[in-house]
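Nothing here was measured: the structure is a model prediction, and the numbers come from that model.
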Amino acid sequence: MDRVFQKFAERLSESTHPDAARQSMADITAALKLSYFAYLALPRRPGGAPNLISTYPSSWTALYLQRGYESVDPVVRQAIAAPRPFRWGLGYEPQSQSDSERALFEEAAKYGIRCGFTLPIHDGKGAIAALSFATDERRTGFERSLVEHAESLRLIASFFHAHARRFWTIDRMVGGAVLSPREFECLEWSARGKTAGEIGIILGIAERTAGFHLDNARAKLGVSSLRQAIALLTESKSRR
């Protein structure tokens, strides 16, 4: 298992696109005999769209996202409510399960997603993502794999989340650091030759505030001058 995880970690660390991360997770999911995986990054703003990296059948994920099932999915609701890992699906029905929830699980089962195990990922503000493993196999085999690799699954979930979150901030990644939207915006205007005062006028903020964001950008990039920060910005754009 150590060698399997080491290979997974190395490939994931080197990945620069969701497809590469998906393949890394697909390989370790297969090695653990857990069939499918789905990583769902929850939207931070109400009405926002979730981000998904998955090996679930594409016909099911397309239907799931198209119909906005994440807003009614009992798995998502439980992942938001508490950080404890949990089992779900046909064969794991709680007494309180509603008819609509059972209908959703039955529909998923038609696509090969019969039961699963979800590891919620929370930060200090609540749920931010969830990693699920699922199967269409008999419950005993799936359960055996979960018990055998319980500790490894927690580590895998945390590690994958730490790397996957980069893909949705890639447009603001400079020199390996992710800038805030305002830091990135101010640095872009600085690269066009604008002073902090001019940036403030363009963005409708105080000159001091513009300077504050530029200083933060320099600190994140680990450079001592604005010229060096601009050079890193230019270099990062040339690689995209």
Can you see which heavy atom on [X] is nearest to which on [Y], and at what distance?
{"X": "Ala41", "Y": "Ala129", "value": "CA-CB, 4.0 Å"}
{"X": "Ala79", "Y": "Ala127", "value": "O-CB, 3.8 Å"}
{"X": "Ala229", "Y": "Val223", "value": "N-CG2, 3.8 Å"}
{"X": "Ser236", "Y": "Val174", "value": "OG-CG2, 4.0 Å"}
{"X": "Pro120", "Y": "Pro83", "value": "CD-O, 3.7 Å"}
{"X": "Leu65", "Y": "Pro50", "value": "CD2-CG, 4.0 Å"}

Do any N or O atoms from the side chain of [X] and from the backbone of [Y] form a donor-acceptor pair under 3.5 angstrom?
{"X": "His149", "Y": "Leu34", "result": "no"}
{"X": "Gln23", "Y": "Ala20", "result": "no"}
{"X": "Glu198", "Y": "Thr195", "result": "yes"}
{"X": "Ser190", "Y": "Leu187", "result": "no"}

(message) Please determine whether side chain to side chain contact (heavy atoms under 4.5 Å, CB included) holds for the pair Asn216 and Ser180, giving the CA-CA distance in whole Å, both sets of side-chain angles, and the decisive distance to 0.1 Å.
(response) CA-CA 9 Å; Asn216 281 348; Ser180 73; over 6 Å; no
(message) Suppose the criterion is side chain to side chain donor-acceptor pair (under 3.5 Å): which pairs have a residue in residues 50-65, not counting sequence neighbours?
(response)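 Non-adjacent pairs meeting side chain to side chain donor-acceptor pair (under 3.5 Å): Asn51-Trp168, Tyr64-Asp73.
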(request) Examine Tyr36 together with Phe133 and report whether their ring centres are nearer than 6.0 Å. (result)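 Ring centres of Phe133 and Tyr36 not closer than 6.0 Å.
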To the closest 0.5 Å, what do you measure between [atom1] ([X]) and [atom2] ([Y])?
{"X": "Leu90", "Y": "Arg114", "atom1": "CG", "atom2": "CZ", "value": "5.0 Å"}
{"X": "Glu101", "Y": "Trp88", "atom1": "CD", "atom2": "CH2", "value": "13.0 Å"}
{"X": "Leu203", "Y": "His213", "atom1": "CG", "atom2": "NE2", "value": "8.5 Å"}
{"X": "Ser132", "Y": "Phe117", "atom1": "OG", "atom2": "CZ", "value": "9.5 Å"}
{"X": "Leu226", "Y": "Leu214", "atom1": "CG", "atom2": "CG", "value": "5.5 Å"}
{"X": "Thr29", "Y": "Phe8", "atom1": "OG1", "atom2": "CZ", "value": "8.0 Å"}

Count the heavy atoms of every other residue, nucleotide or ligand shown that sit under 6.0 Å from [atom1] of [X], and state whether that count exceeds 12.
{"X": "Phe159", "atom1": "CZ", "answer": "yes"}
{"X": "Asp123", "atom1": "CG", "answer": "yes"}
{"X": "Arg192", "atom1": "CZ", "answer": "yes"}
{"X": "Lys220", "atom1": "NZ", "answer": "yes"}

Is the shortest side-chain heavy-atom distance between [X] and [Y] below 4.5 Å?
{"X": "Thr135", "Y": "Cys115", "result": "yes"}
{"X": "Glu185", "Y": "Ile199", "result": "no"}
{"X": "Leu131", "Y": "Phe37", "result": "yes"}
{"X": "Leu32", "Y": "Leu153", "result": "yes"}
{"X": "Ile128", "Y": "His122", "result": "no"}
{"X": "Pro74", "Y": "Leu104", "result": "yes"}
{"X": "Ile201", "Y": "Glu207", "result": "no"}

(request) Return yes if a side-chain donor-acceptor contact under 3.5 Å exists between Glu148 and Ser145, otherwise no. (result)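 On atom types as modelled, these side chains do not qualify, holding no pair under 3.5 Å.
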Decide, yes or no, whether a salt bridge links [X] with [Y] under the criterion of side-chain N to carboxylate O below 4.0 Å.
{"X": "Lys7", "Y": "Asp27", "value": "no"}
{"X": "Lys110", "Y": "Glu106", "value": "no"}
{"X": "Glu70", "Y": "Arg77", "value": "no"}
{"X": "Arg218", "Y": "Asp215", "value": "yes"}

(request) Decide side-chain hydrogen bond (donor to acceptor under 3.5 Å, both in side chains) for Tyr92 and Glu143; before the verdict, give the C-alpha distance in whole Å, the side-chain angles of both, and the deciding distance to 0.1 Å. (result) CA-CA 11 Å; Tyr92 295 98; Glu143 187 73 25; 3.0 Å; yes
(request) Verify side chain to side chain contact (heavy atoms under 4.5 Å, CB included) between Tyr111 and Asp136, making sure each step is shown before the conclusion. (result) CA-CA 9 Å; Tyr111 292 86; Asp136 192 29; over 6 Å; no
(request) Applying side chain to side chain contact (heavy atoms under 4.5 Å, CB included), run through Arg182 and Ile205 and close with a yes or a no. (result) CA-CA 11 Å; Arg182 190 61 97 185; Ile205 59 178; 3.9 Å; yes
(message) Quick check: is Val75 connected to Leu63 through a chain of hydrophobic side chains (ILVMFWY, heavy atoms under 4.5 Å apart)?
(response)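 Yes: a chain of side-chain contacts under 4.5 Å links Leu63 to Val75.
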(request) Go through the steps for Glu188 and Leu233 under the test side chain to side chain contact (heavy atoms under 4.5 Å, CB included), then give the verdict. (result) CA-CA 8 Å; Glu188 277 198 313; Leu233 174 66; 4.1 Å; yes
